[in-house]
Amino acid sequence: MIIYLLGNSELQKALYVKSFVSSTKCEYRKMFSDEENKLTELRNASQSLGLFSLKKVYDLVNFDEWPKKEREDFFSLNFDMDGLVVFVRTEKMSKEVKKLLSDVQIVELEKPKDWEEEKWIEFIVVTGEKLGIPCPKEIAEEIFKLTGPDEYALISELQKLYTYSDGQFNKITPSELEGLIYKRSVSRVDELGFSITEKLYETAYELVDELLREYDPVLVISSLGKHFIDLLQIIAIAEKKPKFTWPEIAEISKKTSIQLPKVARYLGFKFKGQTHEPQNHVLIYTLRVLDNAIKSIFYIDRAIKSGGDAKILICKFIDDFSSQFGSSPENTSLKQTFPRGG
């Protein structure tokens with residue numbers, strides 16, 4: 001028997017196979033596209049399993065990555081033998097599968113669309129039940145808001161919260177929830193950029209000192225540059241207005257490929273129970289200011305790679321940003337601290 005697992009939800013496919021295998025006395029074999037003798041093994045299994053063999057389950061985890069000729073050869077095999085089950089994980093139904101519909105089983109496993117918040121919340125609750133983790137809808141809502149439409153990240157956060165609370169979600173306070181989940185998506189390195197653009201300059205100076213003790217200076221300045229580049233992308237497409245709805249934030253995240261929690265913070269979206277006060281960056285910064293900041297960071301990067309003192313250079317950038325950034329970004333231009341060339 002062949003069971004085609006169609007769709008783009010890799011997590012649901014993995015859980016489907018796991019559930020099948022755990023409920024069946026069988027020999028399980030996960031098979032990858034780069035294995036050299038996979039077709040030979042499958043052909044032999046389709047012809048004979050042995051008189052006293054256990055049921056055999058093959059799981060073709062990345063069938064779409066098989067070479068075209070090997071996929072064609074696979075479709076020519078007959079898996080009608082009793083005691084043999086082949087799971088084929090694929091995103092779309094090919095024309096070859098359509099020809100075999102009467103002889104195979106089709107299971108469609110799709111993720112919700114990125115902006116379908118209610119369906120994602122239901123996804124968390126239902127998947128939690130499958131994993132033996134009863135999740136209240138309110139917790140699922142907070143997990144999604146702080147993590148975004150990433151199925152593996154969502155369930156990872158659910159499992160983490162379940163372990164942390166010893167299965168008692170009602171004991172988690174809003175501030176604990178924010179601390180446990182949000183920091184996963186916005187790392188301490190990311191916080192340096194936000195502390196600057198949210199004008200938390202004292203925090204920024206402290207972070208520079210801490211981060212340079214833990215990370216390579218090039219990584220730190222690279223992350224800072226990415227923060228400003230991401231913000232530039234958002235400013236370029238976002239409407240200049242005081243508040244954004246969650247669907248609007250999700251749409252901007254989709255267009256820019258920037259993590260949903262980061263986009264929400266850039267746009268000043270405050271989650272229920274959140275203690276941090278985010279600032280709406282589109283009302284503060286212009287493309288010109290951000291472009292100048294990015295150029296300055298580029299020069300810092302070159303200076304560090306040439307042997308410059310990273311702490312002095314980054315702190316100088318913060319000094320210039322804090323002292324020269326006025327209340328009217330349209331009439332403010334961040335000066336070029338570092339000379340061109342060199």
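Remember, it's a predicted structure, so these values are computed and weren't measured experimentally.
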For the residue pair [X] and [Y], does the interplanar ring angle fall in the parallel (under 30°), tilted (30 to 60°) or perpendicular (over 60°) class?
{"X": "W246", "Y": "F269", "value": "tilted"}
{"X": "Y266", "Y": "H227", "value": "tilted"}
{"X": "F321", "Y": "Y285", "value": "tilted"}
{"X": "Y162", "Y": "F169", "value": "tilted"}

Is the distance between the ring centroids of F87 and F63 under 6.0 Å?
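No, ring centres 6.0 Å or more apart.
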
Shortest non-hydrogen contact from [X] to [Y]?
{"X": "P278", "Y": "E198", "answer": "CA-OE2, 4.1 Å"}
{"X": "A140", "Y": "V125", "answer": "CB-CG2, 3.9 Å"}
{"X": "E239", "Y": "F244", "answer": "O-CZ, 3.0 Å"}
{"X": "K262", "Y": "F194", "answer": "O-CZ, 4.0 Å"}
{"X": "D190", "Y": "S223", "answer": "OD1-OG, 3.9 Å"}
{"X": "L158", "Y": "G128", "answer": "CD2-CA, 3.7 Å"}

Nearest-0.5 Å distance that lies between atom [atom1] in [X] and atom [atom2] in [Y]:
{"X": "L5", "Y": "L15", "atom1": "CG", "atom2": "CG", "result": "11.5 Å"}
{"X": "K240", "Y": "N280", "atom1": "NZ", "atom2": "CG", "result": "10.0 Å"}
{"X": "S322", "Y": "Y205", "atom1": "OG", "atom2": "OH", "result": "4.0 Å"}
{"X": "I304", "Y": "K311", "atom1": "CD1", "atom2": "NZ", "result": "13.5 Å"}
{"X": "R43", "Y": "N37", "atom1": "CZ", "atom2": "CG", "result": "11.0 Å"}
{"X": "I318", "Y": "E202", "atom1": "CD1", "atom2": "CD", "result": "10.0 Å"}

Axial cation check for Y164 ring with K160, 6.0 Å and 45° limits
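No, K160 does not sit over the ring of Y164.
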
With no hydrogens and no angle check, is any side-chain donor or acceptor of [X] less than 3.5 Å from a backbone partner on [Y]?
{"X": "Q47", "Y": "N44", "result": "no"}
{"X": "T24", "Y": "V21", "result": "no"}
{"X": "S195", "Y": "Y201", "result": "no"}
{"X": "S76", "Y": "D73", "result": "yes"}
{"X": "D59", "Y": "V17", "result": "no"}

Do [X] and [Y] have side chains that get closer than 4.5 Å, going by heavy atoms?
{"X": "Q159", "Y": "I133", "value": "yes"}
{"X": "L6", "Y": "V107", "value": "no"}
{"X": "M31", "Y": "L42", "value": "yes"}
{"X": "E248", "Y": "K241", "value": "yes"}
{"X": "D230", "Y": "T256", "value": "no"}
{"X": "E122", "Y": "E118", "value": "no"}
{"X": "V86", "Y": "F74", "value": "yes"}
{"X": "D301", "Y": "S222", "value": "no"}

Go through it in stages, so that I can follow the logic: the residues are F228 and L224, the test is side-chain contact (heavy atoms from CB on, under 4.5 Å), and I'd like the CA-CA distance, side-chain angles, deciding distance and then a yes or no.
CA-CA 7 Å; F228 279 90; L224 186 58; 3.9 Å; yes

Yes or no on salt bridge (charged side-chain N to carboxylate O under 4.0 Å, His left out) for E10 and K13, after CA distance, side-chain angles and deciding distance?
CA-CA 5 Å; E10 295 304 320; K13 291 176 186 177; 3.5 Å; yes

same_hphob_cluster([X], [Y]) at 4.5 Å side-chain heavy-atom cutoff:
{"X": "V61", "Y": "L11", "result": "no"}
{"X": "L161", "Y": "L131", "result": "yes"}
{"X": "L200", "Y": "I314", "result": "no"}
{"X": "I312", "Y": "L212", "result": "no"}
{"X": "V126", "Y": "L154", "result": "no"}

Among S9, P112, S156, side chain to side chain contact (heavy atoms under 4.5 Å, CB included) partner for E151:
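Of the listed options, the one satisfying the test is S9.
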
Using a cut-off of 6.0 Å, state whether more than 12 heavy atoms not belonging to [X] lie near its atom [atom1].
{"X": "K113", "atom1": "NZ", "result": "no"}
{"X": "K111", "atom1": "NZ", "result": "yes"}
{"X": "K38", "atom1": "NZ", "result": "yes"}

Using the rule given for side-chain contact (heavy atoms from CB on, under 4.5 Å), can you reason through F144 versus E117, listing the C-alpha separation, both sets of side-chain angles and the distance that settles it, and then say yes or no?
CA-CA 8 Å; F144 178 73; E117 182 176 356; 3.5 Å; yes

Pair H281, I234 - check side-chain contact (heavy atoms from CB on, under 4.5 Å), show working.
CA-CA 9 Å; H281 288 57; I234 291 171; over 6 Å; no

Take C135 and I124 through the test side-chain contact (heavy atoms from CB on, under 4.5 Å) and record every step on the way to the result.
CA-CA 8 Å; C135 177; I124 296 169; 4.3 Å; yes

Could you tell me whether E110 and K119 make a salt bridge, using a distance below 4.0 angstrom between a side-chain N and a carboxylate O?
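Between K119 and E110 there is no salt bridge, as every charged N stays at least 4.0 Å from the carboxylate O atoms.
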
